[in-house]
Amino acid sequence: MSDLRVLTVRPEPGEYAWTFGGAPPVARIAPGTVLDLYTEDCFAGRVRSEKDLVSEVCEFPFLNPQTGPFHIEGAEPGDTVAVHFVSIEPARDWAASTTVPLFGALTSTHTTAALQPPLPETVWIWQLDRTRRTALFRARDSDIEVELPMDPMHGTVGVAPANLEVRSALVPDAHGGNMDTPEMRAGVTCYLGVNVAGALLSLGDGHARQGEGETCGVAVECAMNTVVIVELLKGLATPWPRIESDTHIISTGSARPLEDAFRISQLDLVRWLVRDYGFSELDAYQFATQAVESPLANVCDTNYTCVAKIRKEWLPARETHRGVHARLRDTAATLLA
């Protein structure tokens, strides 16, 4: 453990990135570096009480601040960055959620226009018990209180997009970004295809917990103290973000309409089975059809995100992504010891 390179980054308020691409790197790191990061919540810490309406305390488009980007030495287009999440821990004892007018899955929006008034802005402050690992919901309109288990995750992880593009940190796509999948929790490895020299990795948008789909558009948003290990897989392409846990391989797809996001994630999973597990394309198509789990990640962002996942215990005993998940998991165990 003594030879591990550890970089600690605690950004000042003016040091966050708001886009993927177009932002200069905050540091250059070698593959194998451990990043010990603070990430701010999607509101940049400005929603602190039920009186703090997003429209009044936040300035659009400066939402969803990212810590980074980090230039990964040696990363070139056609490579893959592997990001292993060692730990994701809320940095505060509270988190915020809200409804936002003309945003969310169960209201009219700017792109799904309807002749009805926007939903009101309402803020919920969730109390977090970091010892007991719970998040307390308090209803605004009754005396209902419910404790839910914390399940910390990162809604946004990504690299710079291809073709000189600069994308808002609110947008998920092939580069990653604001995918909002609860699968992005401690213990998993995220694989991101490199599009530009150095990859330019950033992450943020911590959630103390989030239901699948993020229906109202806002999770239990909180600042995070997060530790990741960053590795580089040379000459291995990853067309869409993938996640590997101890139990599943997981593909993602982001697009509109929702069925296209579904198709992307399913197709990527089929191609993953062909490349690394020895299936023919049609066998992979049939097997995935009968074995896949397909949770929604988000149905509220500028692009929707779907997930396609298969249990490793049902797959042939083959190595995927050069076995990096197992190696990084072992390294993470030494950090947590």
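All values reported here derive from a predicted model rather than from experimental measurement. Heads up: numbering here begins at 1 and tracks the sequence.
Between the side chains of T252 and D268, not a single donor N or O lies within less than 3.5 Å of an accepting N or O. Counted by atom type alone, H175 and E165 present zero donor-acceptor pairs between their side chains at under 3.5 Å. At a cut-off of 3.5 Å, with distance as the only test, a side-chain donor of T156 or N178 sits close to an acceptor on the other residue. S55 and E121 form a side-chain donor-acceptor contact under 3.5 Å, judged by distance and modelled atom types alone. Side-chain contact, Y16 with Q66: no donor N or O sits under 3.5 Å from an acceptor N or O. No hydrogens or angles considered: nothing links the side chains of S97 and E221 as a donor-acceptor pair under 3.5 Å. When only modelled atom types and interatomic distance are considered, T134 and D129 share no side-chain donor-acceptor pair under 3.5 Å. With hydrogens and angles left out, the side-chain atoms of T320 and D276 include a donor and acceptor closer than 3.5 Å.
Applying the 6.0 Å contact sphere to CG of L336 captures more than 12 heavy atoms from other residues, nucleotides or ligands. Sparse packing is recorded around CG of N163, with 12 or fewer heavy atoms of other residues, nucleotides or ligands lying under 6.0 Å away.
In this structure a side-chain-to-backbone donor-acceptor pair under 3.5 Å is present from T67 to Y38. Judged by distance alone, the side chain of R256 and the main-chain N or O of D301 form a donor-acceptor pair under 3.5 Å. For N298 (side chain) and E214 (main-chain N/O), no donor-acceptor pair under 3.5 Å exists by modelled atom type. No donor-acceptor pair closer than 3.5 Å links the side chain of T238 to the backbone N or O of W240. Judged purely by atom type and a 3.5 angstrom limit, T107 has no side-chain atom pairing as donor or acceptor with the backbone of G104. One N or O on the side chain of Q210 and one on the backbone of A297 form a donor-acceptor pair closer than 3.5 Å. Formation of a donor-acceptor pair under 3.5 Å by the R140 side chain with backbone atoms of V123 is found in this model. Between the T19 side chain and the G22 main chain, no donor and acceptor come within less than 3.5 Å of each other. In this structure, the side chain of K234 does not engage the main chain of G78 through any donor-acceptor pair within 3.5 Å. At distances below 3.5 Å, not a single donor-acceptor pair connects side-chain atoms of T215 with backbone N or O atoms of A105.
Residues F85 and M184 are in side-chain contact: their nearest non-hydrogen atoms beyond the backbone lie under 4.5 Å apart. The closest side-chain heavy-atom distance from V307 to S294 is not below 4.5 Å. Considering only heavy atoms from C-beta on, H84 comes within 4.5 Å of T189 through its side chain. Using a 4.5 Å heavy-atom cutoff, the side chains of L53 and T98 are not in contact. Residues F103 and C216 have side chains not in contact (no heavy-atom distance under 4.5 Å, counting atoms from C-beta outward). When side chains are defined from C-beta on, F262 does not count as touching L258, because their heavy atoms never get closer than 4.5 Å. In this structure the side chain of L335 reaches within 4.5 angstrom of the side chain of V34, judged on heavy atoms. Taking 4.5 Å as the limit, some side-chain heavy atom of W124 sits within range of a side-chain heavy atom of T122.
Residues W94 and V57 are members of one and the same hydrophobic cluster, defined by side-chain heavy-atom contacts under 4.5 angstrom among Ile, Leu, Val, Met, Phe, Trp and Tyr. Hydrophobic clustering of Ile, Leu, Val, Met, Phe, Trp and Tyr side chains at less than 4.5 Å, counting indirect connections, unites M179 with V81. I250 and V274 fall into different hydrophobic clusters, where Ile, Leu, Val, Met, Phe, Trp and Tyr side chains are chained together by heavy-atom contacts under 4.5 Å. Side-chain heavy atoms closer than 4.5 Å link hydrophobic residues (I, L, V, M, F, W, Y) into clusters, and following such links, possibly through other members, connects I29 to L203. The cluster map of Ile, Leu, Val, Met, Phe, Trp and Tyr, joined by side-chain heavy atoms under 4.5 Å apart, puts V188 and V86 in different clusters.
Between E244 and K312, at least one side-chain N (NZ, or NE/NH1/NH2) sits under 4.0 Å from a carboxylate O, which counts as a salt bridge. Remark: K51 does not engage E56 in a salt bridge, criterion side-chain N to carboxylate O under 4.0 Å. Between D260 and R263, at least one side-chain N (NZ, or NE/NH1/NH2) sits under 4.0 Å from a carboxylate O, which counts as a salt bridge. The pair D143-R138 does not meet the salt-bridge criterion, since no charged nitrogen lies less than 4.0 angstrom from a carboxylate oxygen. Between R92 and E40 there is a salt bridge, since a side-chain N of the basic residue sits under 4.0 Å from a carboxylate O of the acidic one. The pair E89-R130 does not count as a salt bridge, with every side-chain nitrogen at least 4.0 angstrom from each carboxylate oxygen.
Taking the six-membered ring for Trp and thresholds of 30 and 60 degrees, H321 and W272 have ring planes more than 60 degrees apart, a perpendicular arrangement.
Pairing each heavy atom of A160 with each of N195, the nearest pair is O-ND2, 2.9 Å. Taking each heavy atom of P241 and A174 in turn, the nearest pair found is CD-O, 3.4 Å. Taking every heavy atom of both residues into account, I125 and E50 meet most closely at CG1-N, 4.0 Å.
Here the options are R209, R185, H207, the test is side chain to side chain donor-acceptor pair (under 3.5 Å), and the partner is D151; only R185 passes.
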**OP:** Please lay out, stage by stage, how F70 and L35 fare under the test side-chain contact (heavy atoms from CB on, under 4.5 Å).
**Re:** CA-CA 10 Å; F70 298 94; L35 295 178; 3.9 Å; yes
